[in-house]
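Since we're looking at a predicted model, the values are computed, not measured. Each chain gets a letter, A, B and so on, in the order the sequences are listed, and its residues count up from 1. We use all heavy atoms of the structure for the numbers below, so side chains are in, but hydrogens, waters and symmetry mates are not.
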Number of protein chains: 2
Amino acid sequence: MADRRDLNSRPTLVDVARSAGVSPMTASRVLRGEQTVQATAREAVHAAVARLGYIPNQIAGSLRSSRSGIISVIVPTLTGSVFAETIRGISDTLNEFDYQLMIGESSYDIEREEKVIAALIQRRPDGIIIAGVKHTVRARSLLQSAGIPIAEIWDQTTHPIDSVVGFSNYSAAYDITKALFEKGYRSFALATGPVVPGNRAGERTKGYEAALRDHGLSPGPSIVVPYYHFLDRSLEGGNVVADFLAQNPSVDCLFCTNELIAIGAVVVSGRRGKRVPQDVAIAGFGDVEATSIITPALTTVRIRGYEMGQRAAGILARRLSGETAEPEIIDVGYEIVWRDSA
Amino acid sequence: MADRRDLNSRPTLVDVARSAGVSPMTASRVLRGEQTVQATAREAVHAAVARLGYIPNQIAGSLRSSRSGIISVIVPTLTGSVFAETIRGISDTLNEFDYQLMIGESSYDIEREEKVIAALIQRRPDGIIIAGVKHTVRARSLLQSAGIPIAEIWDQTTHPIDSVVGFSNYSAAYDITKALFEKGYRSFALATGPVVPGNRAGERTKGYEAALRDHGLSPGPSIVVPYYHFLDRSLEGGNVVADFLAQNPSVDCLFCTNELIAIGAVVVSGRRGKRVPQDVAIAGFGDVEATSIITPALTTVRIRGYEMGQRAAGILARRLSGETAEPEIIDVGYEIVWRDSA
DNA sequence: CGATTTTTTGGTATCGTTACCTTTTAGGCG
DNA sequence: CGCCTAAAAGGTAACGATACCAAAAAATCG
């Protein structure tokens, strides 16, 4: 006996309508929850749906209505909880509005980001949330001409594509560096992820350097940690930074532009017998959950990752429902959190 | 002046074809990389695409070809790195095959999981990867009748829906408990996430209890930590477990069915002056990155999360390319990792 | 109770691609 | 050089839903 599933494929809305004794349009209205259908017809349709095991084909619906119900999110990485928090914020908010999330990873590389954007736009998302404000020229133009609301997050910029929900990475780095100076540290060093002018690590580095300059210090030694070493099981990033500190024994305060680097540095330094903050103070940037479990606990800049996701998703949802029409620029700020490492 | 974007909307493949002086079918072939098009035509199409800024509408393509290029993934949570590793494995593998990821969160709730499955299936994914083997009846039937390859991961089962890539949570818990017994511990306690018969926490609990029984011990006291406290910034889960340990001072070995609970327990216990493992040994389950940064480092069961994602994605990709037709059952195993906490 | 308005329902065309089949063109060969 | 086969290009219809408009049914009213 032949396989049923191959012969008669999935039922369509037309099958449901026929089985319910109504027109396809009426069935469609019932399934979309329109309130203009008589109770009897409505029940007949629901019964037919159950009887046939009908599952709407949203691809067809999307094509006709040009609404896909998809929001695309592009983040540098899914590793670690830095952006996971943001994605949770987006996801929690979007669930209320029946949008689905489609996630792309740019791997901290704007060329790759461009490819990801191109791939995602072909799926005609109703909106895009993208981490960062630094993109390739073509990526910008792809986003701009997509004709959908865009929210750039995790940064501020004077030239937004559309809406922005972020904070000033420059100011945050400036402020914590200044605060560390005021606390008495004088010999600074920097550990950062790869710097490209305009990216987050770059902005933070500039803020750090400006704060030192404004207080009469020159930027101390610095080290770049590749992103895939930010925090791996082997603590390779931490080792690299600890080596760097060993080579620069006069440094009394290490600022890390990235929380995962700071965590690695604290843990490895501690294991090598360096006392934090007595021998060297360490400050981070980001305040992820893992920060709370290490000893000493990390002095850092708290970033509102979940909130940025939530608000960006809210902006898109409101734009898409027609509730608002204007782009929004939101600064969620940041907060310096003093703990034990500096 | 009216907004251009509203008047002349996006160019379509027909526009590209006209502009290139070929038929839509030829243009379509070029864009899909079919090798049966003459070089001159191919170049003309590419030129037209660039000229018009054409972006393919994959929704239309999907409808016609009934291939969406989407793989749906359903995980209990995006929080923490437990499933993030798996998602990375999936994402890395899928990128090679031009599939996009669509992620749903079930929040450790099979009723919610059912809703998520229903929502995702309407988008007609080409395959589904789902964490866990315990589903509602309707969820199972939805998955089964979807007519697409399914991979259940993170578990083993005697009644797979289709393919399975996992390990035996029961055996893993049994083995580590037995090993702890052999190390000399005699007074056990359990900290677990919510247990539902058949879920991962339940299987691990059963393995733990069976091992104790087989060695002549009765299961000691136990405590359930709600999943949203697994590891939050406030270490609430850790506090709850530390309180529990304080009330049960005779316990010499705590087994946690969840790595995040174990991390919280180790950190909070340490801060409260309890010596681990001298006063109480603690063992975890999962071996996430955060495990490597706490003191004492955690004795645990290493789970191959990344590998499970990779292999599940590989299975689907091979099924979809027609390379294989049969479901695969893969046991990726596990490994007991002795560190300092037990 | 008939005319008019309002509410429900239905018919038709269409979204933008690609499957499938046919026609045209190029290539191979005695 | 013509015939036959293979390769390339094109025409048409269809995927399954919904937008839009028209028709039918029900409700309202003088």
Side-chain angles (χ1 to χ4, degrees), chain A residues 8-45 48-49 52-70 98 121-126 146-147 322, chain B residues 6 8-45 48-49 52-70 98 121-126 146-148 322:
Chain A
N8 22 331
S9 57
R10 302 217 78 108
T12 71
L13 189 59
V14 173
D15 300 321
V16 170
R18 188 171 20 232
S19 170
V22 299
S23 76
M25 268 318 299
T26 299
S28 173
R29 289 189 181 106
V30 172
L31 292 177
R32 278 177 298 149
E34 282 189 24
Q35 291 306 314
T36 66
V37 180
Q38 214 106 46
T40 57
R42 205 157 22 183
E43 281 153 26
V45 170
V49 165
L52 301 178
Y54 170 71
I55 295 175
N57 184 330
Q58 197 160 161
I59 302 227
S62 298
L63 177 60
R64 181 60 181 116
S65 67
S66 48
R67 269 177 281 106
S68 64
I70 291 173
D98 278 324
I121 284 189
Q122 301 194 3
R123 257 101 188 181
R124 297 293 189 269
D126 293 339
Chain B
D6 290 326
N8 24 332
S9 57
R10 303 216 76 109
T12 72
L13 189 60
V14 174
D15 300 321
V16 169
R18 190 175 15 235
S19 171
V22 299
S23 76
M25 270 317 299
T26 298
S28 174
R29 290 190 180 105
V30 171
L31 291 177
R32 280 178 298 149
E34 281 188 25
Q35 291 306 313
T36 67
V37 180
Q38 214 106 48
T40 56
R42 205 158 21 185
E43 281 152 26
V45 170
V49 165
L52 301 178
Y54 170 71
I55 295 175
N57 184 330
Q58 198 160 160
I59 303 230
S62 298
L63 177 60
R64 180 59 182 127
S65 67
S66 48
R67 270 177 279 107
S68 64
I70 290 174
D98 277 323
I121 285 189
Q122 301 194 5
R123 257 100 188 182
R124 297 292 190 269
D126 293 339
I148 53 176

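- Protein atom CD of A:Gln58 is 16 Å distant from nucleotide atom C1' of D:dC15, rounded to whole Å.
- Distance CG (B:Leu13) to P (D:dG10): 12 Å, rounded to an integer number of Å.
- Residues B:Ile70 and B:Arg124 fail the side-chain proximity criterion, which asks for heavy atoms closer than 4.5 Å.
- Two end axes, each from the C1' atoms of five base pairs, can be drawn for the helix from C:dC1-D:dG30 to C:dG30-D:dC1; they diverge by 30°, to 10 degrees.
- When the shell of 6.0 Å around CZ of B:Arg67 is examined, it contains 12 or fewer heavy atoms from other residues, nucleotides or ligands.
- Comparing B:Gly61 and B:Arg29, the nucleotide of DNA chain C nearest to each residue sits closer to the 5' end for B:Gly61.
- In this structure, B:Gln122 atom CD and D:dC15 atom C1' are separated by 17 Å, rounded to whole Å.
- The two residues B:Val22 and B:Ala41 come nearest to each other via the heavy atoms CG1-CB, 4.2 Å.
- One interatomic measurement links the two molecules: CD of A:Gln38 to C1' of D:dA27, which rounds to 11 Å at whole-angstrom precision.
- As rounded to whole Å, 13 Å separates atom P of D:dC15 from atom CG of A:Leu63.
- Between the side chain of A:Arg123 and the backbone N or O of A:Ser68, no donor-acceptor pair lies under 3.5 Å.
- For the segment residues 21-28 of chain A, the set of residues with a heavy atom within less than 4.0 Å of an atom of DNA chain D comprises A:Met25, A:Ser28, in numerical order.
- Residues B:Ser66 and B:Asp126 approach most closely at O-OD1, 4.4 Å, considering heavy atoms.
- Residue A:Arg67 has a polar side-chain atom (N or O) positioned under 4.0 Å from OP1 or OP2 of D:dA19.
- Atom CZ of B:Arg42 is separated from atom C1' of D:dA7 by 13 Å (rounded to the nearest Å).
- You can see that DNA chain C meets the heavy atoms of chain B within a 4.0 Å-exclusive cut from C:dG16 to C:dC20, reading 5' to 3'.
- Atom CZ of A:Arg32 and atom C1' of D:dC20 are 12 Å apart (whole Å).
- Taking only side-chain nitrogens and oxygens, A:Tyr54 comes nearer than 4.0 Å to OP1 or OP2 of D:dA17.
- Rounded to a whole Å, the CG atom of A:Asn57 is 7 Å from the C1' atom of D:dA17.
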